[in-house]
Amino acid sequence: GASSDHKQRQREERGNIMSSNTTNQDDRVFHDEGLTRKLGLSTAIAIGIGTTVGSGIFTSIGEIAGASGSALFIALSFLLGGLYQIPASMFYAEIYSAYPVSGGVYKTFELAGWRPLAFISGWLNFVASDPPGLSAMALSIASYLSYFTHHSPLVGKFIAAAFILLFMFIHIRSVEGGGKLLDIITTFKIIPFVILAGVAICFARGDLLAAPAAPGAPVGIAALIAGISATTWSYDGTSQVVVCAGEIKNPRKNMPIALILTVVIITVFYTVFATAMAGLLPVAELAAAEAPVSAAVSQIPGFGSLAGTLSAALAVVVVTGTLATSVFSQPRVQYQMARDGLWFPKFGEIHPKYKTPAFSIVVQCALAIFFIFVSNISEILGYFTLTISLRSIIGYLVVFKYHKRDDYHPTYHMPCWRVLSIALAIMAFIMFLGTLSWAPKASWAFIAIALVTGYIGYRYFESHYGLKVKSETKQDFGDKE
């Protein structure tokens with residue numbers, strides 16, 4: 001009828017607009033009426049690197065050494081673990097070159113018209129992942145600082161809260177200023193790593209790198225797979241820039257470049273760094289050490305007495321960079337949910353002077369500070385991360401929905417997209433089962449709670465705010481022929 005013809009014309013017009021690569025046209029179609037595109041390619045890459053390279057590398061090397069059993073497999077685990085992330089980056093590069101909007105995985109579901117799943121995804125970010133993650137990072141900074149200050153645990157909690165407040169105020173006041181800070185702090189967190197890796201490589205022992213697995217250590221393909229699985233945490237965050245896609249300049253060009261280049265840079269860096277550490281200390285000792293990086297660095301001539309100091313200082317810089325990046329990016333999810341009518345409207349407001357999602361930033365940081373002082377809740381909410389892993393399985397299949405739509409015009413195309421998307425979903429399912437195995441009954445109970453309460457929350461927000469969202473563009477994204 002006439003209504004169907006009108007919608008078809010709207011899709012065709014939108015498709016014609018989206019086929020162009022200009023920034024102005026990106027803004028016309030996917031402008032969220034608040035945030036503007038002020039972040040360049042360097043900041044887009046800094047968001048990915050800044051989120052990913054954190055304290056995990058300090059502990060994961062020991063875990064991977066224990067899982068893989070040899071120096072060769074340590075290096076291969078990081079190399080192959082990084083290569084595993086490339087298809088995921090290609091997946092997001094295709095989607096966000098077609099739909100360059102903020103919101104991350106939440107928005108991936110919402111644009112497909114899967115609003116219940118979108119809400120549950122964003123709600124779990126807010127309740128179980130993002131604020132507890134900020135509190136964990138801030139507490140980690142305070143813990144490493146205690147190496148120098150020897151402060152009490154209570155003082156450490158206040159120091160952690162102070163770091164969150166510092167970055168909260170910085171990111172409230174300016175998007176551009178916050179972006180420049182991320183560029184600077186990411187550079188300063190990577191430079192010491194690169195220098196340390198370069199020095200360590202010079203003193204790495206060939207006999208340690210070539211040594212076979214010790215008796216009783218894992219061997220064969222099973223050991224390599226275990227090592228690769230253990231790198232997952234270290235690579236978490238490589239696609240974080242999709243949360244801020246609505247603020248990236250020329251996103252159809254810069255989003256694919258940022259996503260793929262981020263993974264390549266981190267993979268090369270991690271592989272070299274891990275190889276250097278494995279060349280300084282026997283694998284068995286690396287696996288047994290409480291602070292594996294510090295233990296390895298102590299083997300460098302002249303570094304023995306300074307190893308602990310250098311490792312603690314480097315950890316402070318690295319985790320501070322990750323915290324700064326996370327405080328900047330994470331509140332954009334609830335901001336976008338509010339703009340779509342799936343969260344409290346106040347979260348979707350832009351500060352009249354600073355042009356930032358100030359309220360969303362303040363609430364998330366306040367909740368993170370709450371978790372700092374109530375650690376038991378953070379431990380319980382950790383179960384919800386299993387549900388977040390489960391959503392990845394569904395998320396990788398959403399591209400099949402997009403490919404059937406008339407308004408889907410990505411400037412980057414994932415090679416063999418059907419095969420890679422299914423492979424990503426299968427790998428996510430395998431990872432989910434592995435994570436589930438450590439506490440199956442409790443995990444299933446929390447998954448059920450997350451899904452039920454999430455659906456109840458969706459029905460509330462959809463009926464109170466979602467139906468009031470009048471944007472024709474947003475409504476049509478969920479339409480079917």
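Owing to the predicted nature of the structure, the values given are computational and were not obtained by experimental measurement.
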> For residues 412-427, which side-chain N or O atoms pair as donor and acceptor with protein atoms under 3.5 Å away, sequence neighbours left out?
from: H413; atom 1: NE2; to: P410; atom 2: O; distance (Å): 3.2
from: S421; atom 1: OG; to: W417; atom 2: O; distance (Å): 2.7

> Quick one: closest heavy-atom pair of T267 and V263, and the distance?
OG1-O, 2.7 Å

> Decide yes or no for W343 and F119: does some side-chain heavy atom of the first lie under 4.5 Å from some side-chain heavy atom of the second?
yes

> F78: which residues meet the ring-ring contact (aromatic ring centres under 6.0 Å, His included) condition with it, sequence neighbours left out?
Y270

> Is the shortest side-chain N to carboxylate O distance from R37 to E247 below 4.0 Å?
no

> With a 4.5 Å limit on heavy-atom distance, are the side chains of F347 and V333 in contact?
no

> Heavy atoms only: give me the nearest A71-V283 pair and the separation to one decimal.
N-CG2, 3.4 Å

> Quick one: side chain to side chain contact (heavy atoms under 4.5 Å, CB included) partners of A138, sequence neighbours excluded?
A160, I164, L323, I372

> Atom CD1 of I201 and atom CG of L280: how far apart are they, to the nearest 0.5 Å?
8.0 Å

> Let me confirm one number: the OG-CG distance from S294 to L281, rounded to the nearest 0.5 Å.
10.5 Å

> Please confirm whether the backbone N or O of G321 pairs with a side-chain atom of T325, one donor and one acceptor, at under 3.5 Å?
yes

> What I'd like to find out is whether the side chain of L261 reaches to under 4.5 Å of the side chain of I265, using heavy atoms alone.
yes

> So how far is it from E110 CD to L117 CG, rounded to the nearest 0.5 Å?
12.0 Å

> Going by the rule ring-ring contact (aromatic ring centres under 6.0 Å, His included), which residues pair with Y402 if we only count those two or more places apart in sequence or in a different chain?
Y99, Y408

> With a 3.5 Å cut-off and no angle check, do the side chains of T43 and K38 form a donor-acceptor pair?
no

> Checking side-chain contact (heavy atoms from CB on, under 4.5 Å) for the pair I361/F328: CA distance, chi angles, key distance, verdict?
CA-CA 8 Å; I361 294 173; F328 178 87; over 6 Å; no

> When you compare the side chain of Q240 with that of Q330, does any pair of heavy atoms fall below 4.5 Å?
yes

> CG/L35 to OG1/T356 distance, rounded to the nearest 0.5 angstrom?
8.0 Å

> Compare every heavy atom of A450 with every heavy atom of L124, then report the nearest pair and how far apart it is.
CD2-CB, 3.8 Å

> Could I get the full list of side chain to side chain contact (heavy atoms under 4.5 Å, CB included) partners for L72, not counting sequence neighbours?
S70, L76

> Tell me, please, which residues at least two apart from Y458 pass side-chain hydrogen bond (donor to acceptor under 3.5 Å, both in side chains).
E462

> For atom CZ of F400, decide whether the heavy atoms of other residues, nucleotides or ligands shown that lie under 6.0 angstrom number more than 12.
yes

> With side-chain contact (heavy atoms from CB on, under 4.5 Å) as the criterion, how do T238 and L259 come out once you've worked through the C-alpha distance, each side chain's angles and the decisive distance to 0.1 Å?
CA-CA 7 Å; T238 53; L259 283 162; over 6 Å; no

> Is there side-chain contact between M255 and Y92, with heavy atoms separated by less than 4.5 Å?
no

> In chain order, what residues pass the side-chain hydrogen bond (donor to acceptor under 3.5 Å, both in side chains) check against Q334, with sequence neighbours excluded?
Q364

> Should L342 and Y106 count as side-chain neighbours, where that means a heavy-atom distance under 4.5 Å?
yes

> Could you go step by step and tell me if V318 and L314 meet the side-chain contact (heavy atoms from CB on, under 4.5 Å) rule?
CA-CA 6 Å; V318 168; L314 184 58; 4.1 Å; yes

> Would you confirm whether S143, through its side chain, and L139, through its main-chain N or O, come within 3.5 Å as a donor-acceptor pair?
no

> Does any part of the side chain of V241, heavy atoms only, come nearer than 4.5 Å to the side chain of T51, both counted from C-beta?
no

> Run R332 and S360 through side-chain contact (heavy atoms from CB on, under 4.5 Å) and show every step you take.
CA-CA 7 Å; R332 266 64 177 174; S360 187; over 6 Å; no

> If I take atom CG from residue L79 and atom OG1 from residue T231, how far apart are they, to the nearest 0.5 angstrom?
10.0 Å

> Listing request: all salt bridge (Lys or Arg N to Asp or Glu O under 4.0 Å) pairs with a residue in residues 221-242, at least two apart in sequence or in separate chains.
none

> Quick one: which residue pairs count as a salt bridge (Lys or Arg N to Asp or Glu O under 4.0 Å) with a foot in residues 79-101, not counting sequence neighbours?
none

> If only atom types and distance count, is the side chain of T322 paired as donor or acceptor with the main-chain N or O of G50 below 3.5 Å?
yes

> For residues I190 and I49, determine if any side-chain heavy atom of one lies less than 4.5 Å from a side-chain heavy atom of the other.
yes

> Is a side-chain N or O of S102 found less than 3.5 angstrom from the main chain of G246, in a donor-acceptor match?
yes

> Could you state the interatomic distance from CG (L286) to CG (L208), rounded to the nearest 0.5 Å?
10.0 Å

> Could you list the donor-acceptor pairs under 3.5 angstrom formed by side chains in residues 167-181, with sequence neighbours left out?
from: H171; atom 1: NE2; to: A324; atom 2: O; distance (Å): 2.9
from: R173; atom 1: NH1; to: Y354; atom 2: OH; distance (Å): 2.9
from: S174; atom 1: OG; to: E176; atom 2: N; distance (Å): 3.3
from: S174; atom 1: OG; to: G177; atom 2: N; distance (Å): 2.7

> Will you find, in the side chains of Y96 and T108, an N or O donor that is under 3.5 Å from an N or O acceptor?
yes

> Would you name the heavy atoms of F371 and V127 that are closest together and state the gap between them?
CZ-O, 4.0 Å

> For the residue pair A44 and I248, what are the closest heavy atoms and their distance?
CB-CD1, 3.9 Å

> Is a salt bridge present between R115 and D340, judged by a nitrogen-to-oxygen distance below 4.0 Å?
no

> If you look at every heavy atom in L41 and N254, which pair is closest and at what distance?
CD1-O, 3.7 Å

> List the residues meeting side chain to side chain contact (heavy atoms under 4.5 Å, CB included) with V293, not counting sequence neighbours, and say none if there are none.
F58, I61, F273, M277, V297, S311

> Determine whether a donor-acceptor pair (N or O, by modelled atom type, separation under 3.5 Å) exists between the side chain of R252 and the backbone of S97.
yes

> Considering residues at least two apart in sequence or located in another chain, which fulfil the side chain to side chain contact (heavy atoms under 4.5 Å, CB included) criterion with A287?
A65

